[in-house]
Protein chains: 2
Amino acid sequence: MATGRNHRPATSRSRGIPEATVARLPLYLRALTALSERSVPTVSSEELAAAAGVNSAKLRKDFSYLGSYGTRGVGYDVEYLVYQISRELGLTQDWPVVIVGIGNLGAALANYGGFASRGFRVAALIDADPSLAGKPVAGIDVQHTDALEQIIADNGVSIGVIATPAGSAQQVCDRLVAAGITSILNFAPTVLSVPEGVDVRKVDLSIELQILAFHEQRKAGEDAPEEEETAPPAAPPAAAVTKRPGPGPDGDVPAVMPA
Amino acid sequence: MATGRNHRPATSRSRGIPEATVARLPLYLRALTALSERSVPTVSSEELAAAAGVNSAKLRKDFSYLGSYGTRGVGYDVEYLVYQISRELGLTQDWPVVIVGIGNLGAALANYGGFASRGFRVAALIDADPSLAGKPVAGIDVQHTDALEQIIADNGVSIGVIATPAGSAQQVCDRLVAAGITSILNFAPTVLSVPEGVDVRKVDLSIELQILAFHEQRKAGEDAPEEEETAPPAAPPAAAVTKRPGPGPDGDVPAVMPA
DNA sequence: ATGCCTTTGTGAACGCGTGCACAAAGATGG
DNA sequence: CCATCTTTGTGCACGCGTTCACAAAGGCAT
Ligand SMILES: NC(=O)c1ccc[n+]([C@@H]2O[C@H](COP(=O)([O-])OP(=O)(O)OC[C@H]3O[C@@H](n4cnc5c(N)ncnc54)[C@H](O)[C@@H]3O)[C@@H](O)[C@H]2O)c1
Ligand SMILES: NC(=O)c1ccc[n+]([C@@H]2O[C@H](COP(=O)([O-])OP(=O)(O)OC[C@H]3O[C@@H](n4cnc5c(N)ncnc54)[C@H](O)[C@@H]3O)[C@@H](O)[C@H]2O)c1
């Protein structure tokens, strides 16, 4: 996932809904919404699971955390389930969101229609660049960072999106938190440190690609076991390479430099 | 994660590196690169773990899967570790990447500098819109979808990025796979079905926000324990007769998929 | 060399998530 | 009302991931 991972350890479970289940609820909701638009009245766990790309047993267990909303022998009422999941996710209310850093990515996010379609409303676009201030992006005037605190307070914003360069991310984060933001979606490739009670999720394209590259390399290595490294293994750390776990993934073993 | 979760179950483990560890290696690599640029020679697991935002024991265990690259009493050699992780992730070679769908998001991705900084090279930008063909984005001419297969074959591309609307994603995916792509990063809000051996990771902004909203709602609920449901819970499933719910319950989400 | 101090590497315990498999529940038909 | 069939809801087992805690390893000073 492109999704953040380390969330909250296990402070107090929110009424018994596992984090892994919460992460899948939007997936189910999307599939259910599609069914709803096709006026499908009911759906079985098997069908819905296929549409969401998960195991049917997992789906049923997930739903069991929400309550017994299905009918045995029939399935789940689509409309009813859409409502229940929406309510559980807090989508029956409107969530004003501020986007900070209106560059390439920030502008794309502002233009993204998928925002509004789920109860998220772009309350403001904020950038530190004075030349951007006042200019409209996606129909909303970009505002200067100076007004950040005021905007958040006036609109009761609790969710912020950071799309600034990595170097500014922590600073922006601190200001957002100080202003009352308690949930942050971070696109900058940095680890943000936040006080207790503030949720941070990160989206890091670079990490996703690197994970793909890892598996890609492994696939290639299986097909062609005879692979030679291009660059020399660099200098080992002085004289400390003591042991190696059996045969490495490929033949490359760093040369042990005699002390 | 914003990252996809369900990866490969346990087909054939890459000889000992857990998926969770692989997902953290880029994080370590980023922190190590920063240290390297500051010419820090060695780093302890405690320091590095803090920089990467993880538990130090976890970091040490992660590294133990790669081999014994540390020195007890001292720590890890930064340069050496950078190389080892880069090699493990397959970043010592160049990975040509194609981006399909050069709209708001695709253009932002094309302009993203973080691509090239890790060995990923944008080999081509592809879009179905004829009016885009030939126009330069981020210094690269957009090419029409017709040339997709040829581009992939000519450049030996194995990683593809999908940034088209959801409705086209599966179709684009199928073409990519048929052309030889074996790793896909999907930004479209759809479940892609791919044959065995093809890796898919998804980045879904909407899902991330919904997860944040869930926790946000819970925080609010804790502060105000006396909260009664605002909207009536809609009609229970009741009799599952051929009831066709015309106008859905008021709690129904708008849910309009952007075309 | 020897002893002390720091830090790694890892065994083991634990908790979470996943998936199987099935009993119970309800619908449906006779 | 009963039989049968479908599908839910879940008990249970298993494997993965996380974390603790500590012995071993190495550096460094004496
Ligand atoms: N573009 C992508 O596809 C992409 C992909 C993944 C990650 N990212 C990350 O997202 C972030 C933004 O990327 P981008 O391509 O849009 O960069 P960009 O340079 O185009 O935009 C950054 C914007 O942030 C503004 N900014 C800088 N400091 C600020 C501050 N302190 N307060 C408010 N605004 C500030 C700048 O004025 C600029 O408009 C970067 O951290 C990048 O690494 C981008
Ligand atoms: N913009 C965002 O911030 C954002 C965020 C999250 C997810 N997404 C998703 O990313 C995708 C792209 O978003 P966007 O805002 O860039 O949309 P967009 O409409 O601006 O761009 C889509 C592009 O894809 C091209 N396209 C359509 N069908 C194609 C096909 N079959 N083959 C090749 N190209 C095709 C279109 O010509 C267009 O240029 C969407 O699925 C969207 O839901 C976007």
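The sequence lines fix the lettering, A, B, ..., with proteins before strands; numbering per chain opens at 1.
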First of A/Asp62 and B/Val43 reached from the 5' end of DNA chain C, by closest nucleotide
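Nearest-nucleotide comparison on DNA chain C picks B/Val43.
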
Can you tell which of D/dG9, C/dT18, C/dT7 lies closest to the side chain of A/Arg24?
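Nearest listed nucleotide: C/dT18.
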
Could you please name the option among D/dC20, D/dT8, C/dG9 that lies closest to any side-chain atom of B/Ala57?
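That would be D/dC20.
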
Rounded to the nearest Å, what distance is computed from the [atom1] atom of residue [X] to the [atom2] atom of nucleotide [N]?
X: A/Asp77; N: D/dT7; atom1: CG; atom2: C1'; value: 15 Å
X: B/Phe63; N: C/dT10; atom1: CZ; atom2: P; value: 14 Å
X: B/Ile17; N: D/dG17; atom1: CD1; atom2: P; value: 12 Å
X: A/Glu46; N: D/dT6; atom1: CD; atom2: C1'; value: 12 Å
X: A/Arg60; N: C/dA23; atom1: CZ; atom2: P; value: 15 Å
X: A/Lys61; N: C/dA21; atom1: NZ; atom2: P; value: 14 Å
X: A/Glu19; N: C/dC16; atom1: CD; atom2: P; value: 12 Å
X: B/Asn55; N: C/dT8; atom1: CG; atom2: P; value: 13 Å

What pair of heavy atoms forms the shortest contact from B/Val191 to B/Gln170, and how long is it?
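Closest heavy-atom pair between B/Val191 and B/Gln170: O-OE1, 3.9 Å.
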
Give A/Tyr76 one of three labels, base, sugar-phosphate or nothing, depending on what nucleic acid heavy atoms sit under 4.0 Å from its own.
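Sugar-phosphate only.
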
B/Phe63 and B/Tyr76: CA distance, side-chain angles, deciding distance, ring-ring contact (aromatic ring centres under 6.0 Å, His included) verdict:
CA-CA 10 Å; B/Phe63 285 174; B/Tyr76 300 90; 5.1 Å; yes

Report yes if a donor N or O on one partner sits less than 3.5 Å from an acceptor N or O on the other, where the partners are the side chain of B/Arg72 and the base of C/dT7; otherwise report no.
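In this structure, the two groups form no donor-acceptor pair.
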
Regarding C/dG17, can its base be found pairing with the side chain of A/Lys58 as donor and acceptor, where the two atoms are less than 3.5 Å apart?
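For A/Lys58, whose side chain was compared with the base of C/dG17, there is no donor-acceptor pair (under 3.5 Å).
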
